[in-house]
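Just follow the structure's listing: the first ligand is 1, and inside any ligand the first atom is 1.
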Amino acid sequence: MCGIFSVTGSHKKAGNKVLSGLKKLEYRGYDSWGIAVQTAKGVVVQKDTGKISEVHLDLPEGSKAIGHTRWATHGGVTKANSHPHRVGKVTLVHNGIFENYAEEKARLVDHNFQSDTDTEVIAVLLSQAIEEGLDIKSAIRFVTQKIQGRFSILVMIDDQPGIWAARKGSPLIVGRGENETFIASDIPAFLEQTNKVNYLDDDELVFVDQGTANFFDLNTGKAITKREITVSWKVEESKKGNYAHFMIKEIFDQKETIAKAINHDNQAIADFVKALKSSNGVYMVACGTANKACMVAEYFFAQISGRKVNVVSASEMPYFEQFVNDRTALVAVSQSGETADVLEILERGKKSGAKILAMTNVESSSIARLADVHLPIQAGPEKAVASTKATTAQIALLLLCAYADSSTVNDFEKCLNRGRNILRSTAGNINDLLNPRYESYVKAVAEKIVQHDNLFIIGRGALYPIALEAAIKIQEVSYIHAQGFPAGEIKHGPIALIEAGTPCLVLGNDTEIIANATELKSRGAMIIGIADKDHELFDEWLKAPNCEEGQAIATLIPVQILSYHLAILRGLNPDMPRNLAKSVTVK
Ligand code: G6P
């Protein structure tokens, strides 16, 4: 949620480098953008509303620059509200929320605010602290102490060398290039230049100038040493290649990601399962699509290892926290590993003594680093806002964990291999779907339903959460009102919404769900079956091969392709749905 990026180097191209790096962070927010360059004649700021990917500018020469791509939280989408904000000698960009900004702003009666943002308040406080005589480091420490909430900031001060950055809750990574240093919300911003990084942790401060970086504890001001890490991401993995959009590229990547899930490390899974087995109560916390993957896992654990796990949306977990103690296992599932609602639950859970187990796709994310046991999802960089390959990789990994959890003292490998065999055949079956012929078949079905404003999806068992996930996928990229239900529930309300021709996706073709589909059909619904075999009740059939417990994964593939084509047919960009962001680092 908001991408921030800075470059300082011995060259004069910092502005243009920030522009091209910000384009790689666009998935974090795309309603407005801004860049400030320190030139020989002073700081030049360019900013506007709209998408950074559509900006083609030659920025003035300068050896340092900071930039921002925005997902609005405070203040509407206007040029004045876009970052950077300049007050006195301070130029600042910000990711996160200054929760108590209104109280601080109320005290700043003499300042003529130019925007409605919480960020400008930070810039004013910083400018005042510097004017009152504090050195820059002390001023940043003084002001950040006042801020409640999760945030990260990048700061340039007129006529002073280098760039400063501070982190409390929102991600910041320092990239170490040849005579140049980058600071970004995420690695793709500078991956073309370097894969050597230092991760900033909470309550840390860094000063970078050309090729140097000095780290400090934000609370004490004392110098600290940070480890340099070489990341294994490849530049090509973050590119679209020959695909029109990241979403369809990532859907097709599932040919490899599910097969790769088979190779998860035995020891890591064993550690994960050991923590589950020694706990007295398991809560799985996640948001959005990751939460639906957890709901699928709830069925896996119940049916495969006989374990009851409690799946709670991270934002609702505060109402159950009285049950979290030193015998609890808190399991977080997150693509980004930065989702604020999840992080907060884990931080509080850790204080209560709970064991923190995490699955994240971004391996050095905040959630991964907080966890006692971390299982990397290993789906490779996911750029489209709508999660696809990370979701199926999460489900695959959770399936392995459920099989491992079914083991007793001596049969761990045997149980895990049962899970692996299911994934092996699922990966093979999925491979048969991910080809242009199947895609054009799904697209033809999309053409038949694209003009409808309402769509319903029903599923049973582990396919019920897949119905919920299908609804999210369709809503977020095509803006069609889509809702998922447990199939047996339709006659308790939703069936009143069915009119002649209303499209209904029916996930599966067993006797029970066909009975529910018949009830829909008798009210005029158009039935689109997603199942291993066609059925006379289906008006349209999308094949999802029989994959046993891998069925949740196999059923998602046609759903994802359908959502993508509904968006395309409606003239929308599926990679950047309105009002959404990929990484939700605010509550
Ligand atoms: C946002 C994204 C979703 C994602 C959710 C949770 O809403 O648009 O695709 O499922 O956040 O994100 P996480 O990174 O924790 O999986």
Side-chain angles (χ1 to χ4, degrees), residues 1-3 25-31 71 73 95 150 169-171 185-186 188 245-247 250-251 284-297 311-317 330-347 356-371 374-395 397-398 465-466 468-479 484 556 559-560 563-564 567 573-587:
M1 189 131 288
C2 296
L25 298 182
E26 191 171 31
Y27 69 89
R28 302 181 64 85
Y30 35 82
D31 51 40
W71 187 87
T73 57
N95 168 208
R150 316 182 77 84
S170 301
S185 311
D186 200 359
H245 297 97
F246 278 109
M247 184 176 176
E250 288 159 6
I251 290 172
M284 297 187 80
V285 286
C287 295
T289 287
N291 168 259
K292 305 303 168 287
C294 293
M295 288 177 71
V296 173
V311 178
V312 186
S313 294
S315 57
E316 290 298 311
M317 189 60 198
L330 272 180
V331 181
V333 178
S334 171
Q335 189 287 129
S336 64
E338 300 293 346
T339 302
D341 282 318
V342 181
L343 252 175
E344 281 212 1
I345 295 300
L346 300 186
E347 283 163 357
I356 309 297
L357 313 181
M359 295 182 181
T360 72
N361 195 35
V362 179
E363 293 191 18
S364 303
S365 58
S366 305
I367 291 176
R369 281 176 295 137
L370 191 93
H374 176 241
L375 287 181
I377 292 166
Q378 292 177 359
E382 191 183 66
K383 301 287 278 290
V385 166
S387 181
T388 53
K389 63 174 179 173
T391 317
T392 49
Q394 284 160 2
I395 296 173
L397 181 53
L398 287 161
I466 296 298
L468 300 181
E469 167 55 12
I472 293 187
K473 228 42 352 132
I474 294 168
Q475 285 161 14
E476 64 185 340
V477 298
S478 75
Y479 312 155
L556 263 183
V559 162
Q560 294 167 347
S563 309
Y564 173 78
N573 177 353
D575 284 349
M576 280 181 256
R578 68 183 176 206
N579 307 337
L580 298 177
K582 177 105 189 122
S583 180
V584 182
T585 52
V586 296
K587 287 208 301 163

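- In this model, no donor atom of one side chain and acceptor atom of the other lie less than 3.5 Å apart for Ser365 and Glu338.
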Thr289 vs Glu469, side chain to side chain donor-acceptor pair (under 3.5 Å): CA-CA, chis, key distance, verdict: CA-CA 6 Å; Thr289 287; Glu469 167 55 12; 2.9 Å; yes
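- Listed by chain and residue number, Tyr199 satisfy the side chain to side chain donor-acceptor pair (under 3.5 Å) test with Ser364 (two or more places apart in sequence, or in another chain).
- Closest of all the heavy-atom pairs between Pro577 and Val477 is CG-CG1, 4.4 Å.
- In this structure Glu344 satisfies the salt bridge (charged side-chain N to carboxylate O under 4.0 Å, His left out) test together with Arg150, Arg348, Lys587, sequence neighbours excluded.
- Every residue meeting the side chain to side chain contact (heavy atoms under 4.5 Å, CB included) condition with Ala581, not counting sequence neighbours, appears here in chain and number order: Met1, Trp71.
- Protein residues with a heavy atom closer than 4.0 Å to ligand 1 are Cys287, Gly288, Thr289, Ala290, Ser334, Gln335, Ser336, Thr339, Val385, Ser387, Ala581, Lys582, Val584, listed by chain and number.
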